[in-house]
Amino acid sequence: APIFGIDHDGMVNQWNINAVEITGFSKEEMLGQDLVKVHITEDFRVSFKTVVDNARHGQATANFEFPFFTKDKRCIDVLLNVTPRENVKGEV
C-alpha cells in the first residue's frame with residue numbers, strides 16, 4: 001500500500017516505494033513538498049486539511065477518498081486512512 005506522511009506544516013516527510021509506483025514521483029521529489037497545495041485538487045483541499053488537522057488532535061480517519069495529481073498529470077483517486085503518530089511522551 002502507498003504510505004506517505006506529512007509534518008505539522010503539511011510538508012511530505014515520508015514516501016514509500018508504493019507511493020512512488022502509483023504517483024510516478026520519487027521519494028526525493030516529494031520530501032519537503034506541500035502535499036495539499038501541489039498535488040490535491042482545489043475542491044478537496046479544505047476537506048483534506050480538515051482530516052489532517054483532526055489527526056493532529058489525535059483523531060484517526062478511515063476511508064477518506066480524494067483525487068491526487070500524478071507526475072504525468074493524471075488525476076487518480078486515493079483512499080486515505082489517517083493515523084495520528086505519537087512521540088515517546090504520548091504527544092501527537
Side-chain angles (χ1 to χ4, degrees):
I3 297 173
F4 62 88
I6 57 175
D7 64 18
H8 283 281
D9 296 319
M11 303 302 178
V12 176
N13 60 12
Q14 288 185 350
W15 196 257
N16 79 352
I17 189 66
N18 291 327
V20 172
E21 291 172 0
I22 290 171
T23 67
F25 289 104
S26 70
K27 182 176 183 176
E28 294 75 20
E29 289 174 297
M30 290 303 298
L31 291 179
Q33 291 290 314
D34 186 321
L35 184 72
V36 175
K37 288 182 182 176
V38 177
H39 299 286
I40 297 179
T41 60
E42 191 171 334
D43 53 329
F44 274 81
R45 289 179 184 162
V46 171
S47 56
F48 186 90
K49 186 173 178 343
T50 298
V51 168
V52 171
D53 288 344
N54 288 344
R56 288 185 188 137
H57 293 99
Q59 180 180 341
T61 299
N63 302 323
F64 174 75
E65 189 173 339
F66 67 96
F68 182 94
F69 291 113
T70 64
K71 188 170 185 172
D72 63 2
K73 308 293 185 210
R74 290 178 298 119
C75 188
I76 61 172
D77 289 327
V78 176
L79 190 60
L80 179 67
N81 291 298
V82 178
T83 305
R85 290 177 42 184
E86 297 178 350
N87 62 21
V88 293
K89 297 178 183 177
E91 301 167 330
V92 176

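This one's a predicted model, so the numbers in the text were calculated from it and none came from an experiment.
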Exercise for review: List the steps and the verdict of ring-ring contact (aromatic ring centres under 6.0 Å, His included) for Phe44 and Phe66.
Suggested key: CA-CA 7 Å; Phe44 274 81; Phe66 67 96; 7.5 Å; no
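- Every pair tested for ring pair (Phe, Tyr, Trp, His ring centres under 6.0 Å) that includes a residue from residues 69-92 fails, sequence neighbours excluded, so the list is empty.
- Rounded to the nearest 0.5 angstrom, His8 NE2 and Asn13 CG are separated by 9.5 Å.
- The hydrophobic cluster around Leu79 extends to none of the other residues, as no ILVMFWY side-chain heavy atom falls under 4.5 Å of it.
- Residues near Met11 contribute nothing to a hydrophobic cluster around it, because no ILVMFWY side-chain heavy atom sits closer than 4.5 Å to its side chain.
- For residues 50-61, the pairs satisfying salt bridge (Lys or Arg N to Asp or Glu O under 4.0 Å) are Lys49-Asp53, Asp53-Arg56, with sequence neighbours left out.
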Quick one: side chains of residues 15-24, donor-acceptor pairs under 3.5 Å with protein atoms, not counting sequence neighbours, listed by atom name and distance.
from, atom 1, to, atom 2, distance (Å)
Trp15, NE1, Phe25, O, 3.0
Asn16, OD1, Ile3, N, 2.9
Asn16, OD1, Asn18, N, 3.2
Asn16, OD1, Ala19, N, 2.9
Asn16, ND2, Ala1, O, 3.0
Asn18, ND2, Ala1, O, 3.1
Thr23, OG1, Ala19, O, 2.7
Thr23, OG1, Phe25, N, 3.1

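- Scored by the side chain to side chain contact (heavy atoms under 4.5 Å, CB included) test, Val51 finds Thr61, Phe64, Leu80, Val82 as partners (sequence neighbours excluded).
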Donor-acceptor pairs under 3.5 Å, side chain of residues 33-40 to any protein atom, not counting sequence neighbours: which ones?
from, atom 1, to, atom 2, distance (Å)
Asp34, OD1, Val36, N, 3.2
Asp34, OD1, Lys37, N, 3.1

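- For Thr41, the side chain to side chain donor-acceptor pair (under 3.5 Å) criterion is met by Asp43, not counting sequence neighbours.
- Nearest approach of Ala55 to Pro84, heavy atoms of both residues: O-CB, 3.3 Å.
- Counting only residues at least two apart or on different chains, the side chain to side chain donor-acceptor pair (under 3.5 Å) pairs with a member in residues 63-72 are Glu29-Lys71, Thr70-Asp72, Asp72-Arg74.
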